[in-house]
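Written below as structure tokens is the structure these notes are about.
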Amino acid sequence: MDARYAPKSIEKKWQDLWEREKLFEVGEDLGREKYYLLEMFPYPSGRIHMGHVRNYSIGDVVARFLMMRGYNVLHPMGWDAFGMPAENAAIKANTHPARWTYDNIDYMRSQLKKLGFSYDWSREFATCDVSYYRWEQLFFLKMYEQGLAYRRSAYVNWCHTCHTVLANEQVEGGVCWRCDQPVVQKEMDQWFFKITAYVEELLDYTYKLPGWPERVLTMQQNWIGKSYGSKILFPLASGDGRITVFTTRADTLFGATFMSLAPEHPMVEKLCRGTPQEEAVLRFVEKAKQAKRSDREAELLEKEGVFTGSCCINPVTHEKMPIYVANFVLMAYGTGAVMAVPAHDQRDFEFAVKYGLPIKVVILPEDNASASNVEPLTAANEEDGILVNSSAFSGMTSAQGREAITAALAERGLGEETIQYRLRDWGISRQRYWGAPIPIIYCDRCGVVPVPAQDLPVVLPTDVELLPNGASPLPFYEPFAKTTCPQCNGPARRETDTMDTFVESSWYFARFACASSHEAPLDRQKVHYWLPVNQYIGGIEHAVLHLLYARFFTKVLRDMGYLGADEPFLNLLTQGMVIKDGAKMSKSKGNVVDPDEMIEAYGSDTVRLFCLFAAPPEKDLEWSDQGVEGASRFLTRIWRLAADHQEYLQAAASYRDGAGLSKPLADLHRKTHQTIKKVTEDIGDRFHFNTAIAAVMELVNQMYQVMELPSRDGPFWPVMKAAVEAMILLVAPIVPHIAEELWQALGHSESVVKAPWPKWSEEALQAEEVLIVVQVNGKLRSRIVVSAEATREQVEQAAIQDARTQDFIAGKPIKKIVVVPDKLVNIVV
RNA sequence: GCCUGGGUGGCGGAAUAGGUAGACGCAAGGGACUUAAAAUCCCUCGGAGUUCAACUCUGUACGAGUUCGAGUCUCGUCCCAGGCACCA
């Protein structure tokens, strides 16, 4: 064994051995408890970055720890390989997205292997593999059959100059990323997944996922945005028709003095037609559509509107309410129409003041409900209170009023209680090339025709040429777009949109359980064995979209009979970012630390160790070159402990029993067992790898102390060997390469991966004497050492009689003594 | 505005069920070894006072409270980060 720690050679050696022996390839084993550990798979952008290294290092510790504890651990890895960066890069580098993607995958796979992660590489796949997305197309067809996939028109970002649709990421500050020209909203037919069909279950389970961080669940709850309210119908003042609104404040209905519609509201055109307002309204609507394109600025926009020329009737006051089009009303929420109650809604208030509309107070604060306040209002009162000016409902509380008014409307067929969600259906159409084709055919005679399942897959053609403006070449590529109708055999065209890449990441975890299944998307038995994922680890940035879509897909696949789990991920760990100099690493800031360079300089074990030691996983990790030096130093210390004394350690038998040791050796023996307990609990129960590492550092420091003893006779080497072995096993999940090498150096022939996790003995934890802290009136005054067997009375007496304690209690009557066993005595005088 | 987190030395962080605040590491200072350097090892390291030392006071954003005892629990205030946000 080399006297010096040389990571480069040993890391390669063990990585090769793990691969050769297939140590991490697993199958279903009913005799052992399964554990499915998953880290969010990467987008193959070109190179692994430090965020990946941290994410996967955390996962690897957990995986290896559980393997040593005897679990059957599934720990797979793959590639989230469709997506726009491939198209952009391909245009720039004059290559093909497929080429670019698969080249990146090859390089990044080699990087992951160099880091020594314990993946079952036999299950690897990329989502751009036909053998993966073909099944996704099958899911789409089944969802289409069940009405869970449907088509409707929706707005997309459109660049007139480039004549193409733009993704949100391609719109920067309202202009096109290529030509800097303004982007407009254009209505196009799009495919949607009906996630709203599962909204209640998705919401319910956010209260039944104890293994998820509270804040992620809260974010999902906010995103779903359930609110209770009423649907109220307002008949038009002239002619037939009515306007439906959603409101949470039916109690303020008597104060509704006008109506606001979203510019896109379908009734706008009809309401203004033939009125003197027509031209003004159409101009306003056009302007609002333009303004919509940069959502950010919409917030700063002043509230504006225009009278449509028509009125509706307040169903309780029977007064006329002018109908306005207003720029702040969203078509996407509720019904796109809002009953305006200026006295009790700040936005309506501002609007009413601006356009001189009546403001009618119908709610008074509960504490001075009698004082009929007639001073002019300066702002809306949005609080609940007591109803006034509301005929029979006056005097009710807001809560009573909401219920009573809605009930009264319901009797007349003009209202009902209802629930509104913020969550909308998931638009999955992407007018992009590098994605999974949507398996639909459009026939002039038969209309929308799904591709028959036996005709799948619809293969994304790879012999296309990309267009310089970034638009998808598929609509222009006749061999793909031109086809025949499966129903009438007449000429037809394929859907040329592809699916959102979030679709691929919504079910990849299930495919990992049976990656080699070629007959069906999912092998029921295998999926049943492995799912749900026991522990999922990834960045907080996916708190809502990816995790919500994956939850939705799991429920859909469950209802189709493909899997049995209600939820995909039992436990979720969201790790923090890796930052440098206080900012997220980025090329533009020039603070990027390249994993390759770090591995080259220090070895993978050091990089892994630093990532785990510098911060607990959920916090941001500040990169520190000096910290990396420190991690490297610690590994050198570990190495020397074994290398400098290899012969003696090999020859010795590990110390097991507990008696007859000198104090320093007894202390080391106890420390060894304390460390085993601490590390086991820190890794297994808490994922606090930083404190686990700190505990091993303490053990190592103490071993160095013991090495200084004048005599190494008797049980010295056995006790030392037990400590060294424990040390190696405890760090094995964290720094596996050095652990393997040292384990072998001590004479073990099998991989440390197969060594059982060390156990501590309760007996060995017991000290003969314990240190007790003595407080007087809650202040620390002294420390005493007592026998571990001392009774409560003996400890109290020892504390009272202690000379330093006496300085503080002498001559004063003792009122009370609090004793915390093995820890502390507090004397109250 | 609403909803989450969070505020502890020069820095990263520890204190798991209310019981010694600052484990472990980094940086810094001092020393040993060396012809010298690197590496390694040892010592000091929240602040103030006093001092040969021992010791005392003080200290976990701020202010109250509960308790024998509060970084930890309660209430209020301030600040920071993240999410949502014209959501009717």
Side-chain angles (χ1 to χ4, degrees), chain A residues 4 213-223 225-227 229 245-249 252 256 260 262 295 298-303 326-330 332-341 344-348 350-351 382 420-422 540-541 543-544 574 576-577 609-610 613-616 618-631 633-634 636-637 640 678 681-682 685-686 688 690-701 704 708 771-783 804 807 815-829:
Chain A
R4 282 191 45 192
E214 190 59 39
R215 62 175 179 148
V216 173
L217 297 172
T218 308
M219 282 161 75
Q220 294 211 352
Q221 285 153 11
N222 291 342
W223 190 261
K226 181 176 184 174
S227 57
V245 307
F246 169 76
T247 179
T248 54
R249 295 298 303 273
T252 65
S260 305
D295 295 349
E299 191 188 336
L300 307 167
L301 227 62
E302 205 188 328
K303 288 170 190 34
N327 63 350
F328 64 90
V329 180
L330 305 173
Y333 184 77
T335 61
V338 182
M339 69 176 207
V341 185
H344 304 291
D345 182 288
Q346 187 57 28
R347 292 158 302 175
D348 297 342
E350 288 169 28
F351 196 86
E382 301 190 331
Q420 188 65 45
Y421 301 92
R422 206 189 79 100
I540 185 73
E541 64 273 19
V544 178
T574 48
M577 290 186 305
L609 178 65
F610 173 74
F613 179 64
E618 58 281 357
K619 283 186 96 171
D620 283 350
L621 182 149
E622 170 77 34
W623 190 267
S624 153
D625 291 334
Q626 280 150 345
V628 177
E629 291 278 355
R633 209 146 42 215
F634 173 64
T636 308
R637 273 167 77 75
R640 291 208 324 263
K678 169 97 178 130
E681 290 172 353
D682 278 356
D685 305 344
R686 304 201 305 159
H688 282 208
N690 55 334
T691 53
I693 293 163
V696 180
M697 285 173 169
E698 284 186 51
L699 174 64
V700 169
N701 290 345
Y704 270 88
E708 297 301 312
L771 180 74
I772 301 286
V773 168
V774 183
Q775 295 181 340
V776 177
N777 289 340
K779 286 199 174 192
L780 175 68
R781 292 306 181 189
S782 183
R783 296 179 173 89
R804 294 172 31 73
D807 290 349
K815 285 188 200 153
K816 186 178 177 183
I817 299 182
V818 179
V819 178
V820 181
D822 294 342
K823 278 218 167 126
L824 155 152
V825 176
N826 188 12
I827 301 164
V828 187
V829 293

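Chain identifiers are assigned alphabetically (A, B, ...) following the order of the sequence lines, protein sequences preceding nucleic acid strands; residue numbering begins at 1 within each chain.
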- With side chains defined as the heavy atoms from C-beta onward, is the minimum distance between R637(A) and N701(A) less than 4.5 Å? yes

- Task: Just label A54(B) as syn or anti from its O4'-C1'-N9-C4 or O4'-C1'-N1-C2 angle, using within 90° of 0 for syn.
- Result: anti

- Query: Taking all non-hydrogen atoms of both residues, which atom of G627(A) and which atom of S624(A) are closest, and how far apart?
  - Reply: N-OG, 2.7 Å

- Task: Rounded to whole angstrom, note down the P distance from A17(B) over to U74(B).
- Result: 14 Å

- Nearest-Å distance once atom C1' is located in both A15(B) and G25(B): 16 Å

- Query: Whole-Å distance between A88(B) C1' and N327(A) CG?
  - Reply: 15 Å

- Please name the pair of heavy atoms, one in V628(A) and one in F610(A), separated by the smallest distance, quoted to 0.1 Å. N-CD1, 3.7 Å

- Task: I would like to know whether T248(A) and Q420(A) meet side-chain contact (heavy atoms from CB on, under 4.5 Å); could you show each step before the answer?
- Result: CA-CA 9 Å; T248(A) 54; Q420(A) 188 65 45; over 6 Å; no

- CG of L330(A) versus C1' of A88(B): gap in Å, rounded? 9 Å

- Query: At under 4.0 Å between heavy atoms, what does G334(A) touch on the DNA or RNA strands: base, sugar-phosphate, or nothing?
  - Reply: nothing

- Message: Contact between E622(A) and D620(A) at the side-chain level, heavy atoms closer than 4.5 Å - yes or no?
- Response: no

- Query: Would one find a side-chain N or O of K303(A) under 4.0 angstrom from OP1 or OP2 of C86(B)?
  - Reply: no

- Item | Nucleic acid contacts of residues 821-829 of chain A, taken as heavy-atom distances under 4.0 Å to RNA chain B | K823(A), L824(A), N826(A), V828(A)

- What residues form a side-chain hydrogen bond (donor to acceptor under 3.5 Å, both in side chains) with T335(A), not counting sequence neighbours? none

- With sugar-phosphate meaning primed atoms plus P, OP1 and OP2, does L771(A) contact a base, only sugar-phosphate, or nothing at under 4.0 Å between heavy atoms? base

- Message: Return a single string for nucleotides 29-34 of chain B, one symbol per nucleotide in 5' to 3' order, where B is base contact, S is sugar-phosphate-only contact and - is none, cutoff 4.0 angstrom on heavy atoms.
- Response: ------

- Heavy-atom nearest pair, R783(A) first then L771(A), reads CB-CD1, 3.9 Å

- Query: With sequence neighbours left out, what residues match W223(A) under side-chain hydrogen bond (donor to acceptor under 3.5 Å, both in side chains)?
  - Reply: none

- Item | side-chain N/O R215(A) vs A81(B) OP1/OP2, d < 4.0 Å | no

- Task: Rounded to whole angstrom, note down the P distance from G47(B) over to A23(B).
- Result: 13 Å

- Note on the structure: Across all chains, not counting sequence neighbours, the salt bridge (charged side-chain N to carboxylate O under 4.0 Å, His left out) partners of D345(A) are R347(A)

- Item | Candidate nucleotides C84(B), C86(B), A23(B), ranked by approach to the side chain of W223(A) - the nearest | C84(B)

- Contact class for T247(A) vs. all strands (heavy atom < 4.0 Å): base, sugar-phosphate, or nothing? sugar-phosphate

- Distance, rounded to the nearest Å, where E541(A) contributes CD and C84(B) contributes P: 13 Å

- Query: Once each nucleotide of nucleotides 7-16 of chain B is scored for protein heavy atoms under 4.0 Å, what B/S/- sequence comes out, 5' to 3'?
  - Reply: -----BSSSB

- Message: I'd like the P distance from U58(B) over to G63(B), given in whole Å.
- Response: 14 Å

- Message: Tell me the closest heavy-atom pair linking V329(A) and G336(A), and the distance in Å.
- Response: CG1-O, 3.5 Å

- Note on the structure: Taken to the nearest whole Å, CG/L217(A) to P/G83(B) is 17 Å

- Who are the salt bridge (charged side-chain N to carboxylate O under 4.0 Å, His left out) partners of R686(A), not counting sequence neighbours? D682(A)

- Could you give the distance from CD (Q221(A)) to CZ (R215(A)), rounded to the nearest 0.5 Å? 14.5 Å

- What residues, two or more places apart in sequence or in another chain, satisfy ring pair (Phe, Tyr, Trp, His ring centres under 6.0 Å) together with F351(A)? F258(A), Y324(A), F328(A), Y355(A)

- Using heavy atoms to find the nearest nucleotide of RNA chain B for V338(A) and A695(A) separately, return the residue whose nucleotide is more 5′. A695(A)

- Message: Taking 4.0 Å as the cut-off, does a side-chain nitrogen or oxygen of R637(A) come that near to OP1 or OP2 on C24(B)?
- Response: no

- Query: Within the structure shown, what part of the strands sits under 4.0 Å from R640(A) by heavy-atom distance: base, sugar-phosphate, or nothing?
  - Reply: sugar-phosphate

- Query: Using a cut-off of 4.0 Å between protein heavy atoms and nucleotide atoms, how would you tag nucleotides 46-59 of chain B 5' to 3' with B, S and -?
  - Reply: ---------SSSS-

- Query: What integer distance in Å separates Q221(A):CD from U4(B):P?
  - Reply: 10 Å

- Message: Applying side-chain contact (heavy atoms from CB on, under 4.5 Å) to D807(A) and R781(A), what does each step give before you reach the verdict?
- Response: CA-CA 9 Å; D807(A) 290 349; R781(A) 292 306 181 189; over 6 Å; no

- With sequence neighbours excluded, tell me which residues meet salt bridge (charged side-chain N to carboxylate O under 4.0 Å, His left out) with E681(A). K677(A)

- Item | Whole-angstrom distance between G9(B) and A27(B), as gauged at atom C1' | 12 Å

- Rounded to whole angstrom, note down the C1' distance from C84(B) over to U60(B). 32 Å

- So, is G9(B) syn or anti if syn means the angle is within 90° of 0? syn

- Item | Pairwise P distance for C45(B) and C24(B), with rounding to whole Å | 13 Å

- At under 4.0 Å between heavy atoms, what does D685(A) touch on the DNA or RNA strands: base, sugar-phosphate, or nothing? nothing

- Spacing of N222(A) atom CG relative to G83(B) atom P, expressed in whole Å: 13 Å

- Query: Is any side-chain heavy atom of V818(A) closer than 4.5 Å to a side-chain heavy atom of Q775(A)?
  - Reply: no

- Contacts of Y421(A) and M219(A) projected onto RNA chain B by closest heavy atom; the upstream (5') one is M219(A)

- With C1' as the reference atom in both, quote the distance from U72(B) to A61(B) in angstrom, rounded to an integer. 16 Å

- All heavy atoms of V776(A) vs all of V829(A), minimum pair found to be CG1-CG2, 4.3 Å

- Query: To the nearest angstrom, how far is F634(A) atom CZ from U40(B) atom P?
  - Reply: 14 Å

- To the nearest angstrom, how far is I693(A) atom CD1 from G25(B) atom C1'? 10 Å

- Residues forming a salt bridge (charged side-chain N to carboxylate O under 4.0 Å, His left out) with K226(A), sequence neighbours excluded: E200(A)

- Task: Look at the side-chain N and O atoms of R422(A) and state whether any lies under 4.0 Å from the OP1 or OP2 oxygen of A85(B).
- Result: yes

- Got a minute to check which stems RNA chain B is part of, using Watson-Crick or G-U wobble pairs under 3.5 Å, three or more consecutive? B:1-7 with B:78-84, B:10-12 with B:24-26, B:28-32 with B:40-44, B:46-49 with B:55-58, B:61-65 with B:73-77

- So which heavy atom on I772(A) is nearest to which on D822(A), and how close? CD1-C, 3.6 Å

- Task: Could you work out which one of C84(B), C26(B), A88(B) sits closest to the side chain of V329(A)?
- Result: A88(B)

